[in-house]
Amino acid sequence: MDFAALMSKEISKAKGSDASKPSKDPEKGSPAVPTKKYLRRGDVEAARIEAYNQEQERIAREREERMAKKRKLEDEEADRNREREEKKQRLAEESKMRREEEERAKERERRRRLDIEEEELIAKLREMNAPIQLFGEDYRARLRRYRRLVQRAAIPKKKVTDGPIPTTLEPVPGGQMIIPAKIPRDQENRLFLFRQLGSYFNMVLSEWEMALAKRDVSVRESFQGKQAYNAMIQSRENMTPLFRLFEKADLEDGLLEPIVEIVHKAQQRRYVDANDAYLRVSIGKAAWPIGVTMVGIHERSAREKLHQSDQQAHILSDEITRKYLQSIKRCLSFAQVRWPPEDQLQMMG
């Protein structure tokens with residue numbers, strides 16, 4: 001072995017003995033922990049997974065704590081709401097019970113005041129010319145019947161005026177019987193208009209009845225005389241529903257306007273114009289087809305107007321309306337004989 005190889009061998013031994021000895025910490029003088037200069041990839045991944053799992057566990061614990069706190073708050077709020085609702089329901093029930101008790105007390109007090117002794121009740125029924133007892137009637141039923149009679153007597157009865165058609169409408173003097181040309185819009189004048197119309201028709205019917213009564217006996221007993229009297233009686237009966245509408249002020253404007261126009265022109269002795277107003281309200285202005293209405297395969301434009309009346313309610317479709325409108329026409333025919341016009345052209349045919 002040469003010298004170079006021997007020296008290399010010794011140096012290698014020296015280096016091996018120095019590396020095997022632990023190094024000392026220069027500050028503390030104690031041997032330091034040997035550190036690894038390189039880490040394996042598996043160790044790094046294992047450490048990362050462990051740290052991730054710990055972070056997830058921490059987040060889960062915090063979430064559970066928050067959810068538990070939220071549930072606790074919700075339970076507490078639900079308990080407070082339930083207590084509040086129970087309190088409100090309890091107070092409402094107590095208030096209802098107090099109100100019912102007060103109502104029962106008031107009803108007992110009212111019945112105590114209204115109850116009448118049986119002898120006094122019998123005396124009061126006799127004063128009202130009512131039977132003191134009906135078949136199978138006890139004291140309570142008799143008391144209820146007495147109260148109904150008292151309530152009925154307290155309602156003021158409307159005075160029914162005498163005339164051909166009895167009515168509750170207050171009659172109007174002759175000077176105030178002039179019917180306006182248009183319907184008033186305010187309620188007061190409208191009610192006065194119904195009184196004027198009722199007074200006018202009653203006046204015409206009275207004059208008609210007196211004119212028939214002044215005829216000779218031979219004329220009254222004749223066939224034509226009986227027919228004229230029956231026409232007057234029938235007109236009076238047919239106009240009774242119209243007077244009921246006057247009393248209720250329930251006549252629609254579609255009928256009230258032509259009736260006002262008829263009476264207004266009749267009072268001016270313009271009987272032809274009044275008759276024209278009657279014809280407009282009775283048969284209207286609808287176009288009536290005459291002759292051939294379908295010529296060719298095309299329908300004429302003017303033909304559409306012929307069918308408009310089919311879509312509208314005809315004024316004579318109502319039997320009651322038809323009857324009192326015909327009675328108004330008969331009154332108009334009598335009026336032109338009783339109060340003839342100055343212009344003979346205003347005489348109806």
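All values reported here derive from a predicted model rather than from experimental measurement.
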Working to the nearest 0.5 angstrom, can you tell me the gap between Glu94 CD and Arg99 CZ? 12.5 Å
So do the side chains of Val272 and Leu345 get within less than 4.5 Å of each other, counting heavy atoms only? no
Evaluate the side-chain proximity of Leu251 to Ile259: yes if any heavy-atom separation is below 4.5 Å, no if none is. yes
Report the C-alpha separation of Glu62 and Arg58 in whole Å, then their side-chain angles, then the decisive distance to 0.1 Å, and conclude whether the salt bridge (Lys or Arg N to Asp or Glu O under 4.0 Å) test is met. CA-CA 6 Å; Glu62 292 178 355; Arg58 183 184 63 80; 2.7 Å; yes
Distance check, rounded to the nearest 0.5 Å: Glu101 atom CD versus Lys106 atom NZ? 12.0 Å
When you measure from the side chain of Asn202 to the backbone of Ile165, do you find a donor-acceptor pair of N or O atoms at a distance under 3.5 Å? yes
Test item: Phe243 and Leu197 side chains (from C-beta on) under 4.5 Å apart, heavy atoms: no
Say you draw a straight line from CD of Glu207 to CD of Glu209; how long is it, rounded to the nearest 0.5 Å? 10.5 Å
Salt bridge present between Asp138 and Arg144 (N-O < 4.0 angstrom): no
Are Arg244 and Thr167 close enough, and set up right, to give a side chain to side chain contact (heavy atoms under 4.5 Å, CB included), and what steps lead you there? CA-CA 8 Å; Arg244 301 290 88 85; Thr167 177; 4.1 Å; yes
Electrostatic pair Glu237-Lys323, nearest N-O below 4.0 angstrom: no
Test salt bridge (Lys or Arg N to Asp or Glu O under 4.0 Å) applied to Asp253 and Arg190, step by step: CA-CA 11 Å; Asp253 291 348; Arg190 192 181 181 91; 2.5 Å; yes
Minimal non-hydrogen separation, Ile320 against Pro241, with atom names: CG2-CB, 3.7 Å
State plainly whether the residues Glu45 and Arg48 are in salt-bridge range, i.e. N to O under 4.0 Å. yes
Run the side chain to side chain contact (heavy atoms under 4.5 Å, CB included) test on Val204 and Leu332 for me, step by step, so that the C-alpha distance in whole Å, both residues' side-chain angles and the decisive distance to 0.1 Å come before the verdict. CA-CA 9 Å; Val204 174; Leu332 190 62; over 6 Å; no
Test item: Arg220 side-chain N/O and Gly225 main-chain N/O as donor-acceptor pair under 3.5 Å: no
What are the two closest heavy atoms between Pro340 and Arg269, and how far apart are they? O-NH1, 3.2 Å
Lys96 and Glu93: side chain to side chain contact (heavy atoms under 4.5 Å, CB included), yes or no, with the steps? CA-CA 5 Å; Lys96 182 180 179 181; Glu93 292 177 355; 5.6 Å; no
Check whether any side-chain heavy atom of Lys265 sits under 4.5 Å from a side-chain heavy atom of Glu261, and report yes or no. yes
Would you mind reporting whether Glu76 and Lys72 have side-chain heavy atoms less than 4.5 Å apart? yes
Side-chain heavy atoms of Gln267 within contact of Tyr200, under 4.5 Å: yes
Is the closest side-chain heavy-atom distance between Tyr324 and Leu245 below 4.5 Å? yes
Less than 4.0 Å between a side-chain N and a carboxylate O, is that true for Asp43 and Arg40? yes
Taking it one step at a time, do Glu77 and Arg80 satisfy salt bridge (Lys or Arg N to Asp or Glu O under 4.0 Å)? CA-CA 5 Å; Glu77 183 66 22; Arg80 286 194 296 268; 2.4 Å; yes
Backbone N/O of Gln133 and side chain of Arg142: donor-acceptor pair under 3.5 Å: no
Check the surroundings of atom CD in Gln89: do more than 12 heavy atoms from other residues, nucleotides or ligands lie under 6.0 Å from it? no
Check whether any side-chain N or O of Tyr271 sits under 3.5 Å from a backbone N or O of Ala335 as a donor-acceptor pair, and report yes or no. yes
Check: Ser218 main-chain N/O paired with Asp216 side-chain donor or acceptor under 3.5 Å: no
Give me the atom names and distance for the closest heavy-atom approach of Ala266 to Ala274. N-CB, 4.2 Å
Are Gln326 and Arg322 linked by a side-chain donor-acceptor pair shorter than 3.5 Å? yes
So with a 6.0 Å cut-off around CZ of Arg104, is the heavy-atom count from everything else above 12? yes
Interatomic spacing from CZ in Arg195 to CD in Glu170 - rounded to 0.5 Å: 4.0 Å
Where the side chain of Gln336 meets the backbone of Met347, is there a donor-acceptor pair that is under 3.5 Å apart? no
With hydrophobic residues grouped by side-chain heavy-atom distances under 4.5 Å, do Met232 and Val337 end up in a single group? no
Using modelled atom types only, decide if a donor and an acceptor are shared between the side chain of Ser222 and the backbone of Val219 within a distance under 3.5 Å. yes
Is there a side chain to side chain contact (heavy atoms under 4.5 Å, CB included) between Val263 and Ile328? Walk through the geometry before answering. CA-CA 9 Å; Val263 177; Ile328 291 176; 5.8 Å; no
A side-chain contact here means heavy atoms from C-beta on lying under 4.5 Å apart; do Pro173 and Gln176 qualify? yes
Within the supplied structure, the quantity of interest is the number of heavy atoms (other residues, nucleotides, ligands) at a distance under 6.0 Å from Glu188 CD; does it exceed 12? no
Find out if a path of hydrophobic residues (ILVMFWY) with successive side-chain heavy-atom gaps under 4.5 Å connects Ile178 to Leu191. no
How far apart are the closest heavy atoms of Val172 and Ser199, and which atoms are they? N-OG, 2.9 Å
Same apolar cluster (I L V M F W Y, side chains within < 4.5 Å links), Leu125/Leu143: yes
Do Leu242 and Phe192 belong to the same hydrophobic cluster, where Ile, Leu, Val, Met, Phe, Trp and Tyr are linked whenever their side-chain heavy atoms lie under 4.5 Å apart, directly or via other members? no
State the CG-CG distance between Asp79 and Asn81, to the nearest 0.5 angstrom. 9.0 Å
Where Cys331 and Leu205 come nearest, the two heavy atoms and their spacing: SG-CD2, 4.0 Å
Check this for me: does any side-chain nitrogen of one of Glu74 and Arg71 sit under 4.0 Å from a carboxylate oxygen of the other? no
I'd like to know if the side chain of Glu137 and the backbone of Leu134 have a donor-acceptor N/O pair within less than 3.5 Å. yes
Give me the atom names and distance for the closest heavy-atom approach of Glu247 to Pro166. OE2-O, 4.3 Å
When rounded to the nearest 0.5 angstrom, what is the spacing between CG in Leu325 and CZ in Arg330? 12.5 Å
So Phe246 and Phe194, would you call those rings parallel, tilted or perpendicular, with 30° and 60° as cut-offs? tilted
